[in-house]
There are 2 protein chains.
Amino acid sequence: MAATLRDVADRAQVSVRTVSNVVSGYEHVSEKMRQRVLRAIEELGYIPNPVARTLRTGKTGLLSLVVPEIDVPYFSQLAREVIDAAASLGFQVMIDQTGHDHERERQLLRGGGRRNLFDGMLFAPLATGDELRDVDPARSSPLILLGEHVFDHRFDHVAIDNVVAAHDATTHLLDCGRTRIAAIGAQPKEMYSTPLQRTEGFRKALDEHGLEPVTALQATAAHYGRADGYEATASLLRESPRPDAIFCYSDLLAMGAIRAVFDAGLRVPDDVAIIGIDDIEEGRYSRPSLSTVSLDTPFIARTAVSRLAARIEDPGLPAEEFVAPHTVIPRESTGGASRADSGGV
Amino acid sequence: MAATLRDVADRAQVSVRTVSNVVSGYEHVSEKMRQRVLRAIEELGYIPNPVARTLRTGKTGLLSLVVPEIDVPYFSQLAREVIDAAASLGFQVMIDQTGHDHERERQLLRGGGRRNLFDGMLFAPLATGDELRDVDPARSSPLILLGEHVFDHRFDHVAIDNVVAAHDATTHLLDCGRTRIAAIGAQPKEMYSTPLQRTEGFRKALDEHGLEPVTALQATAAHYGRADGYEATASLLRESPRPDAIFCYSDLLAMGAIRAVFDAGLRVPDDVAIIGIDDIEEGRYSRPSLSTVSLDTPFIARTAVSRLAARIEDPGLPAEEFVAPHTVIPRESTGGASRADSGGV
DNA sequence: TTGTATGCGTTATCAA
DNA sequence: TTGATAACGCATACAA
């Protein structure tokens with residue numbers, strides 16, 4: 001059915017070698033030959049078979065992006081930018097979801113049983129060091145870690161400085177005059193690095209203002225979804241005295257938190273100020289609009305993809321760490337700028 | 001580096017044929033051979049090369065999902081379910097974005113220059129019939145259309161009944177006692193089928209209640225994002241008399257609409273009732289929570305993937321149309337149930 | 001500059 | 001039941 005290199009060669013009365021040269025843009029091909037080949041290609045509607053090419057060259061042109069769930073706004077936005085960045089470098093992107101399943105993460109890290117199907121992997125996991133420990137950078141396919149400052153310096157990673165980001169968010173609440181500041185997002189059992197680092201930044205900011213972190217005001221959240229934020233907040237508001245501000249470890253947690261405050265008959269930011277992390281678009285239109293820490297996801301995506309491309313070219317590259325910029329964006333939920341002033345539209 | 005079938009064969013002192021049989025679970029292999037082979041596989045850490053397998057069998061185990069933008073909640077939710085459905089059938093999913101670019105759509109329909117890289121394609125496009133007209137179902141790779149009732153019956157498609165869905169949403173507003181009902185989502189220039197059908201359903205519902213559609217109350221939206229909904233609503237509210245209800249062709253439009261009503265100093269639903277379509281999670285936590293038409297995306301994803309799988313097996317299958325169920329979900333934005341009653345949490 | 005021939009790692013055909 | 005071997009479609013070493 002589909003034409004092959006050989007079909008084209010026969011039709012153009014040249015060897016497959018010449019056709020291959022033309023197709024792959026090889027320099028030394030006479031103009032006459034090139035034209036002949038090009039016409040045959042046109043006539044046959046020839047399209048190179050990437051699979052055969054891959055078998056020969058070992059490169060698939062495919063990257064794998066692994067996220068917990070693609071429908072979490074932060075990850076879908078990241079995915080969008082990763083796909084675009086990859087496309088600009090000639091790669092296509094496969095997406096896998098771990099669904100918070102450690103075993104699945106471990107499996108995907110091993111190549112998911114399809115080791116040779118992609119040239120490299122972008123891994124945006126919950127992963128503790130545990131899953132990574134078994135992985136040998138020298139033997140596995142090129143890997144870039146996203147969003148986690150793992151304490152494993154054998155791998156490249158691209159992430160924000162979680163400690164500073166959390167510190168900045170908390171400081172913003174303190175600067176708004178709040179003193180009973182709660183946090184949502186510590187993990188109940190797991191020892192993921194992101195929550196740990198955010199908690200560290202949170203405490204550090206309190207400490208700088210001479211405040212002690214109140215244990216009862218530090219709520220855990222199994223996941224980082226709206227439902228988790230809602231539940232955690234509902235429970236925080238039963239404390240007495242109740243918190244006058246909440247730092248949520250994700251914007252989605254914050255969206256749930258805002259609704260919970262409202263459902264409890266209180267107001268944001270008057271009674272409780274709220275800030276998140278991620279800067280998802282939803283927070284620019286919510287009522288009140290959400291103060292947050294904006295992460296430079298385009299930077300993350302571009303850096304990660306180009307580093308991965310580089311590593312695919314040269315697997316011997318030393319592991320490196322890339323820190324993405326972040327900015328605190330005050331909006332209505334902390335009594336800050338109105339939506340119109342927030343750059344939201 | 002990586003062990004091949006031949007390496008295993010050498011080590012186990014058998015032919016590659018036997019190893020292949022064991023690996024692919026062929027019936028007629030003596031237990032002794034199987035054990036010998038299995039041990040060699042274990043010792044060498046052998047993993048089959050999917051690319052070579054593909055070259056031979058012609059099947060890659062990859063599906064391509066094409067959406068306008070993966071970070072639109074509706075599409076990311078769909079993607080999530082497609083990926084899961086595909087995984088359960090042994091497929092992995094590549095994602096491509098068209099970014100509202102017709103040329104890009106056309107190109108992807110032609111296989112994106114990588115025709116043989118995936119076994120089939122799920123296409124969730126803006127596509128008019130135009131892009132599809134050039135495509136020959138018999139020659140191109142298996143294709144399922146998502147979300148569009150194209151007037152082209154040469155292809156399978158999975159979609160809701162847009163006319164009825166829009167009719168039901170509008171009827172809900174009418175049942176709430178609203179009489180000046182606006183709509184947002186008609187397309188400025190393009191003739192996509194989805195907006196056309198939703199407009200048809202909208203008018204039909206008005207007509208059934210003896211109302212004439214007011215041209216000035218039918219706002220266009222270039223895309224279906226929050227910003228579009230915000231702008232369109234801001235302009236609708238300048239009409240006089242202003243609308244007392246708005247039917248938005250997507251939930252995202254509705255989120256922008258709610259914020260715009262609020263920014264205009266009015267209230268939802270008291271002054272303006274709002275309903276959307278999609279039932280994204282965001283609308284369950286917003287203030288007010290968003291009345292909407294819930295689409296059965298799990299049904300859409302499962303149906304599309306299994307139909308695609310069937311078509312990959314038998315490309316000769318006749319084109320078929322699958323209609324996904326939808327339900328109107330009244331929430332606060334039309335004065336309906338409170339968040340807690342809405343099944344939102 | 002172009003042609004010939006080999007191999008990438010599998011599966012499948014044909015014998016044995 | 002198992003072995004030898006020919007494809008699958010392409011890129012490239014080697015020759016011409």
Side-chain angles (χ1 to χ4, degrees), chain A residues 1-41 44-62 90 111 113-119 141, chain B residues 1-38 40-41 44-62 90 111 113-119 141 313:
Chain A
M1 185 75 231
T4 77
L5 211 53
R6 172 165 222 105
D7 298 332
V8 177
D10 288 350
R11 176 152 196 130
Q13 308 266 44
V14 299
S15 78
V16 289
R17 171 66 206 255
T18 304
V19 179
S20 178
N21 282 344
V22 171
V23 170
S24 45
Y26 185 62
E27 293 280 328
H28 306 286
V29 178
S30 70
E31 196 49 32
K32 193 175 64 182
M33 285 292 178
R34 158 166 279 117
Q35 288 310 327
R36 239 201 296 168
V37 170
L38 250 27
R39 189 146 51 86
I41 287 178
L44 269 50
Y46 167 75
I47 298 177
N49 181 333
V51 174
R53 182 174 284 176
T54 290
L55 183 57
R56 194 54 235 257
T57 63
K59 299 208 180 310
T60 63
L62 248 39
R114 317 186 62 119
R115 176 142 68 196
N116 301 306
L117 203 53
F118 46 82
D119 297 336
S141 69
Chain B
M1 186 74 230
T4 79
L5 212 51
R6 174 164 220 106
D7 298 332
V8 177
D10 289 351
R11 177 155 196 125
Q13 307 269 43
V14 299
S15 78
V16 289
R17 168 68 205 259
T18 302
V19 179
S20 177
N21 283 344
V22 171
V23 170
S24 46
Y26 185 64
E27 292 282 324
H28 306 285
V29 179
S30 69
E31 197 49 33
K32 193 175 65 182
M33 285 290 178
R34 158 166 281 117
Q35 289 310 328
R36 236 200 298 167
V37 169
L38 251 26
I41 288 177
L44 269 50
Y46 167 76
I47 297 178
N49 181 335
V51 174
R53 181 175 284 175
T54 290
L55 181 59
R56 194 55 239 245
T57 62
K59 301 210 178 309
T60 62
L62 249 40
R114 315 187 64 121
R115 178 144 62 195
N116 300 305
L117 202 54
F118 47 80
D119 297 335
S141 69
E313 284 309 306

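Just so you know, these numbers come straight off a predicted model, no measurement behind them. Chain letters run A, B, ... following the sequence lines, proteins first and then strands; every chain starts at 1.
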* His28(B) NE2 to dT2(D) C1': how many Å, rounded? -> 13 Å

* Asked: Where along residues 10-22 of chain B does a heavy atom fall under 4.0 Å from DNA chain D?
  -> Val14(B), Ser15(B), Val16(B), Arg17(B), Thr18(B)

* Find the distance between CZ (Arg36(A)) and OG1 (Thr18(A)) and round it off to the nearest 0.5 Å. => 9.0 Å

* If you look at every strand shown and take non-hydrogen atoms under 4.0 Å, does Val29(A) touch a base, only sugar-phosphate, or nothing? -> sugar-phosphate

* **Which atom of Val8(B) lies closest to which atom of Val37(B), heavy atoms considered** => CG1-O, 4.2 Å

* **4.5 Å side-chain heavy-atom contact, Asp7(B) and Thr4(B)** => yes

* **Note, Leu55(A) side chain near Thr54(B) side chain (heavy atom, < 4.5 Å)** => no

* May I ask you to check whether Arg53(A) and Asn49(A) show a side-chain donor-acceptor distance below 3.5 Å? => no

* Report yes if some heavy atom in the side chain of Asp119(B) is under 4.5 Å from a heavy atom in the side chain of Leu62(B); otherwise report no. => no

* Structure fact -> Separation of dG9(D) atom P from Lys59(B) atom NZ, nearest Å, is 14 Å

* First encountered from the 5' end of DNA chain C, between Arg56(B) and Met33(A) -> Met33(A)

* Structure fact -> Minimal heavy-atom distance between Met33(A) and Val14(A), with the atoms involved, is SD-CG1, 3.4 Å

* Asked: Where is the tightest heavy-atom contact between Leu44(A) and Arg11(A), given as atom of each residue plus distance?
  -> CD1-CD, 2.9 Å

* At what angle, to 10 degrees, do the two end axes of the helix from dT1(C)-dA16(D) to dA16(C)-dT1(D) meet, given five pairs define each axis? -> 40°

* **Closest-nucleotide 5' rank along DNA chain D - winner of Ala52(B) and Ser30(B)** => Ser30(B)

* **Distance, nearest 0.5 Å, that separates CG of Leu5(A) from CD1 of Ile41(A)** => 8.0 Å

* Thr57(B) side chain N/O closer than 4.0 Å to the phosphate oxygens (OP1, OP2) of dC8(D)? -> no

* **Side-chain donor or acceptor of Ser24(B) paired with backbone N/O of Ser20(B) under 3.5 Å** => yes

* Structure fact -> Bounded by its outermost nucleotides with an atom under 4.0 Å from a heavy atom of chain A, the footprint on DNA chain C reads dT1(C) to dG9(C)

* Structure fact -> Here the distance between atom P of dC8(D) and atom CG of Asp7(A), to the nearest Å, is 10 Å

* **Nearest heavy-atom neighbours spanning Ser15(A) and Ala9(A)** => C-CB, 3.8 Å

* Once you round it to whole Å, what is the distance between C1' of dA11(D) and CG of Leu55(B)? -> 13 Å

